[in-house]
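Notes to accompany the following structure.
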Protein chains: 2
Amino acid sequence: MKKYLSRPEEFVLLVLYQIEGEAYGNNIRKKLAEVTGKYWSIGSVYVPLDRLENKGLVKSFTGKITPERGGRAKRCYEITKGGLERLAELQKAHNTLWSKMPNLSFGEDK
Amino acid sequence: MKKYLSRPEEFVLLVLYQIEGEAYGNNIRKKLAEVTGKYWSIGSVYVPLDRLENKGLVKSFTGKITPERGGRAKRCYEITKGGLERLAELQKAHNTLWSKMPNLSFGEDK
DNA sequence: TCCATTTCTTCTAATCTATAGAACATTTGA
DNA sequence: TCAAATGTTCTATAGATTAGAAGAAATGGA
């Protein structure tokens, strides 16, 4: 039995919460890269998204067509109540565990 | 390539940081249960610990024998510099992502 | 019209991780 | 000497991570 959201699930949900307007694959991917400073492959965005959807923690709908060059219809996502509940659960554990930690980032410019 | 510590790795490291005195299997397990309010099997403590040790993020040593009933020698763990660095990396991403979140725990007494 | 280009999603597969608990080891007290 | 207590190691199954190839759909220029 799974205890908590996995790391990618957590990050995807949090980013979903923060994106203004429609949140879809590439969008989410860019935000993840921006926020973490790391490379996120396409798969490492969609696979957790799919799993979250199967578990009912996000839901998706087809986005409006934008007047851009080409491109297939966007699949947009939003967090469900269930998703928020799982995040809340994590938040609680985080508060307990992280609030006691000092700032660890001493000269992390490697 | 792995981006961040997994959830169990994170929690084990944080708990390791917080335990006063010697931190060993059962100890860590109890603290995890206390902090999360969930059941942690023995394996779900030792498996991440082993992996963390293989990666050099914790190190272990044999604990002193205590005057208790019976029992095999304790294997005690502590975080290494590398472990703190990985935690610092997580802390940074967390701050970015979680600091914007409101408190989500509305009536979570289910 | 047709096709190259762009934008986006789906699928897949290898590797790694989570989780539970059985098995094993060591010490002590009756 | 052995049952009980206290710990750790081992192992196996299910599930997750990650990258990227393949597929799909829309657009605009020749």
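Protein chains get the first letters and strands the later ones, always in sequence-line order, with residue 1 at the start of each.
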Could you state the atom-to-atom distance from [atom1] of [X] to [atom2] of [N] in whole Å?
| X | N | atom1 | atom2 | result |
| --- | --- | --- | --- | --- |
| B:Y24 | D:dT9 | OH | P | 14 Å |
| A:L57 | D:dA16 | CG | P | 11 Å |
| B:N26 | D:dA5 | CG | P | 14 Å |
| B:F11 | C:dT17 | CZ | P | 17 Å |
| A:E22 | C:dT7 | CD | P | 17 Å |
| B:L32 | C:dA20 | CG | P | 12 Å |
| A:D50 | D:dA16 | CG | C1' | 13 Å |
| B:L5 | D:dA16 | CG | C1' | 16 Å |

Between B:R86 and B:E9, is a salt bridge (Lys or Arg N to Asp or Glu O under 4.0 Å) present by the stated rule, with each step listed?
-> CA-CA 10 Å; B:R86 302 287 278 132; B:E9 286 167 350; over 6 Å; no
N/O (side chain, A:R7) to phosphate O (OP1/OP2, C:dT17) under 4.0 Å = no
Distance below 4.0 Å between B:S6 side-chain N/O and D:dT17 OP1 or OP2 | no
Produce the list of close N/O pairs, under 3.5 Å, pairing protein atoms with atoms of nucleotides 19-24 of chain D; give distances to one decimal.
from, atom 1, to, atom 2, distance (Å)
D:dA19, OP2, A:S41, N, 3.4
D:dA19, OP2, A:S41, OG, 3.3
D:dA19, OP2, B:K3, NZ, 3.4
D:dA19, N7, A:S41, OG, 3.2
D:dG20, O6, A:G43, N, 3.3
D:dG23, N2, A:R72, NH1, 2.6
D:dA24, O4', A:R72, NH1, 3.2

Do B:Y4 and A:F11 have ring centres separated by under 6.0 Å?
->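 Under 6.0 Å, so yes.
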Mapping A:P48 and A:A73 onto DNA chain D by nearest heavy atom, which one lands closer to the 5' end?
-> A:P48
With DNA chain C as reference, determine whether A:Y77 or A:Y4 sits nearer its 5' end, using the nearest nucleotide of each.
-> A:Y77
Might you confirm whether atom NZ of B:K59 has over 12 heavy atoms from other residues, nucleotides or ligands at distances under 6.0 Å?
-> no
Proximal nucleotide (of D:dG7, D:dT18, C:dC8) relative to the A:P8 side chain = D:dT18
Out of C:dT17, D:dG7, D:dA16, which has the shortest distance to the side chain of B:K2?
->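 Comparing C:dT17, D:dG7, D:dA16 against the side chain of B:K2, the answer is C:dT17.
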State whether the side chain of A:K38 and the backbone N or O of B:K3 hold a donor-acceptor pair below 3.5 Å, judged by distance alone.
-> yes
Taking B:S60 for the side chain and B:R75 for the main chain, is one N or O donor matched with an acceptor at less than 3.5 Å?
->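 Checking the backbone N and O of B:R75 against the side chain of B:S60, no donor-acceptor pair under 3.5 Å is found.
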If Ile, Leu, Val, Met, Phe, Trp and Tyr residues are connected whenever their side-chain heavy atoms lie under 4.5 Å apart, and connections chain through other members, are B:M101 and A:L57 in the same group?
-> yes
Taking the inter-plane angle between the rings of A:H94 and B:W98 on a 0 to 90° scale, is it parallel (under 30°), tilted (30 to 60°) or perpendicular (over 60°)?
-> perpendicular
